[in-house]
Amino acid sequence: MEPDKPFSPEEDPARFQKEGALTRFARNQLATLALILLAMVVVLSLSTRTFLTATNIFNVLRAFSWIAIASFGQSIVIISGGIDLSAGSNMAFSGIITAMLLVEGVNVPLSIGAGLGITLLIGFANGLMISKTKLPPFIATLGMMSIVRGFCYGMTQGWPVRGLPRSFIALGQTDLSFFIWRVPVPAIIMVCFAVLVYILLDKTKLGYHTYAVGGNEYAASLAGIFTGKVKNIAFTLSGFLAGVGGILMTARLGVAAPTAASGYELDIIAAAVIGGISLTGGEGNVWGALIGAAIMQILRNALVLLGFPAYWQPAAIGAVIIGAVMIDMYRKKSI
Amino acid sequence: MSDTTVTNEKKEPIMALQGVSKYFGGVHALEEVDFEVYPNEIVALVGDNGAGKSTLIKILAGVHQPNRGKILFRGEPVEIPSPRAAQALGIETVYQELALIETRDVPANFFLGREPTRGTSGIFVDRKKMVEDTVRTLKDLGIVLPSLRTLVRYLSGGQRQALAIGRVMPWGGKVIIMDEPTAALGVREARKVLDLVLQLKEKGCSVVVISHNMRHVFNIADRIVVLRGGKKAGDRMKSETTPDEIVKLIVGAEML
Amino acid sequence: MHKTLRITVFLTAVVFLLGVLLAGGVFAQEQTLTFAWIPKALDNPVFELGRDGAFVKAQELTETTDYTVEIIYIGSVASDAAEQSRVVEDVIARGVDGIGISCNDPDALIDVINKAVEAGIPVMTWDSDAPDSERFTYLGVSNYDGGVAAAELLVRFMGEEGDVALLTGVPGAFNLEERIRGFRDGVADYPGIEIVTTVACYDDIATGVQVVEETMLAYPDLDGWFFVGLWPLFADRGSMPLWEEAAASGDMKVVAFDTLPVQLEYMKDGLLVGLVGQKYWGWGYDTIQMLFDYIVHDAAFPDWTDSGMDIVTMYNVDAMIEAWETSDFTKPLPPPFPED
Ligand SMILES: Nc1ncnc2c1ncn2[C@@H]1O[C@H](COP(=O)(O)OP(=O)(O)OP(=O)(O)O)[C@@H](O)[C@H]1O
Ligand SMILES: [Mg+2]
């Protein structure tokens, strides 16, 4: 990037686009993030004999897939200038609704549909509170986090819902064959949603408007964008994607606990932020969130594999969150 | 009110405000203001800071709704409930605050809110067309920017203003409103914008320009409307007034 | 001078109160006693078992004595000392006859407990104590002893040497730390036993499953586990394939705290060899009896009342399963090792 070299309109726009793609990579968050991730993988592969085994890799993949999926939704919300603290509660709630229906003998697709439908509605309610009554997202979703958690406790009376049919659990525990690997279904679903959210944010009009609203809400409204509608959709999608994550988690564990995913909202937000999605809105992309979630999970995995004392782990995780964001800020400054 | 001399009798205004008032809580930003824009003319809107100029044009642009009074468009009473409604009527606006998204690149800002889409679905953005059209328009206007990929955050104040002005051009608006379009510009760039305003008039558009620069105003305007404390203090054809008189109207010295 | 005055006033008040109570006993045939039974949190299912015990005891007392005993089951949703203090204040304002509480914090609840006692409401603690408060007794187990018992169970099944891993919940939680301390002391006599790692799951099932599997990868030759709580065992079979395989093979022995039905299933399938459980049901059942005795019969209690522990192995697991199925925990459990 040479900002002082003026852009010449005579240039062929097609050539400009190619050039853009290159410069984009050079200063892209993803490059730094991918490097951090790669460094972690190399160090771990050398220092443990188990990190690079297929079992462990897929274990990690499975474990972070639901956090990642929820963080895709969170990314949409943060890019639109909001924040969704109800994500963790939504994860638990979709799992509980689905599990309770399954235990009642309702078939699998219908139960999943109900679980997802509920969290979609919760997301929509968040959106309405924020766009219509102008509540700050932090407050609206903080309240919703507590309301939904209350429903989790109330509906289960505190007991985990167990005894789920195998056909449902298969969703979380099956591996599909891909060439020589057997890839866990949740990881495949995660990649599918990453692609979908990428297309939504990067290729659609709604995506452009989401960035605009988060970048400068007033300017977006002056340009004729219905900012309320955009926020509504963002929160609705966040609710829905948290629901997807919750159902995969429930299928993986075969149990829906009312306490499940407590505090996950912070992991979900941290994944997005590590991934370069600015909390001030208007910036970042879904691949960042994906890598952010991967970094968090690999770190947790590493601490166990390395036998790092459990009592010190929170300190290590905090240091890595700060470190990753600092490296990224340094990179931003240096372009 | 005695100051108001309507001299443009032969034509009907393309747009008019009649007895428009706008309050922000206790602040009377506009009071009983009549304002006309005639076809194919350049109106300069002048007044001190806080006189109500931006508020007035934001009513034309659909950003604010008047508390009292009527808006006429081609003689018909209309409501302009949103910026989108104003765009649909052919009213294009360059805002004083520029209304750019700093975290987005040049084409995204150029087409902000009106991104072209591929096919008929209206869902997928036609990025190629965006880039090509942006390049073409900037080239036509002689606006030089670093790479289009640059985020607006990294553009200079003048580059941003050029972008904000440039992006309203391709839409074929009949009424173009510019709130202090030369504020951040160097001498040469300001000259270019004034030329652009004249070109727009040649093309048959009407232009409402807000400016604090009397030289610019007298250079291009056909008519000058003065606001003072939210009220209309004067409405003069350029040919019938002098910068001195306008300045007096602005500061209210006449009344002393 | 002032002190004597205060004591006089206090004594008068006590005598007056006792008089009212006694008079009530004499004159009113059907006197109602309302007890508040306050768990640490409403989000933990084991407390519901205690609640059921409390209701059963209330029913028994109502049927067999001249008193109608009512239970108020109330608490903060999640474990939170401040919120729990507020709940106690509410209960005092409502004017109950006695309070049984499991404290979220040994110190934070002293004030409200003393306030209740001042207001003439006797308070006892169960499961989790506030020793410096004016409560009249504490019904509970020593978590330390529980840890020692878990160590003994593991040694018995695993033998006197082997690599052992620990799974805990939230590091720093007092009861968990006590269990760990007991366990460490319990295995300290066996130099062949090494605790190779301690992992934490922050009371989260998913994290529990994850760290157990990761530990199995990092230490594939593990000989034993001590689950300080039951978190990952809530997950369905198939969630921890590596752990299950090792546990099923018999090469790795697992002991755990708590005796919930999910764990009993694991034990029936041979994946768990020993369980150390608190008498959840007794938390309610015994507490209500003690409050009743304290108020009605003026009974005296020691500072600490041991509620005892259930030790469950394959030899007595069926009795425990039956207790759960019939909701009748009144029968004593058969011995865990009949040959002893
Ligand atoms: N959204 C708003 N809320 C409250 N008050 C407002 C708002 N917009 C404008 N005002 C007030 O209305 C009055 C007129 O403001 P306006 O922006 O129209 O002035 P202006 O003539 O454009 O001034 P300048 O030359 O400084 O741009 C001012 O007193 C301003 O504080
Ligand atoms: Mg202004």
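Throughout, protein chains are lettered first and strands after them, A, B, ... in sequence-line order, and every chain is numbered starting at 1.
In this structure, A:E283 and B:E102 have side chains that are not in contact, with every pair of non-hydrogen atoms separated by 4.5 Å or more.
Neither the backbone nor the side chain of B:R167 comes within contact range of chain A; no heavy atoms are under 4.5 Å apart. Neither the backbone nor the side chain of A:L200 comes within contact range of chain B; no heavy atoms are under 4.5 Å apart. Interface residue B:L100: only backbone heavy atoms are found under 4.5 Å from chain A. When heavy atoms are compared at a cutoff of 4.5 Å, A:S221 approaches chain B solely by way of its backbone atoms N, CA, C and O.
Near-neighbour residues of residues 83-97 of chain B relative to chain A, defined by a heavy atom under 4.5 Å from a heavy atom of that chain, comprise B:P83, B:R84, B:Q87, B:Y95, B:E97. Interface with chain B: from residues 224-232 of chain A, residues A:G224, A:I225, A:F226 qualify, criterion being any non-hydrogen pair under 4.5 Å.
Contact record, A:Y218 with B:V63: OH-CG1, 4.0 Å, taken as the closest heavy-atom pair. Nearest heavy atom pair, residue B:V125 against residue A:Y208, reads CG2-CD1, 3.6 Å. Residue B:A99 comes nearest to A:L222 through the heavy atom pair CB-CD1, 3.8 Å, listed as atom of the first residue, atom of the second, then distance. Considering every non-hydrogen atom in both A:Y211 and B:I101, the closest pair reads O-CG2, 4.1 Å. Listed here is the closest heavy atom pair of B:E115 and A:K205: O-NZ, 2.9 Å.
In the displayed structure, B:K129 atom NZ is contacted under 6.0 Å by at most 12 heavy atoms of other residues, nucleotides or ligands.
Interatomic distance, A:D202 CG to B:F124 CZ, rounded to the nearest 0.5 Å: 12.0 Å.
The greatest number of non-hydrogen atom pairs below 4.5 Å with chain A, out of B:T117, B:L98, B:L112, B:V152, is found for B:L112.
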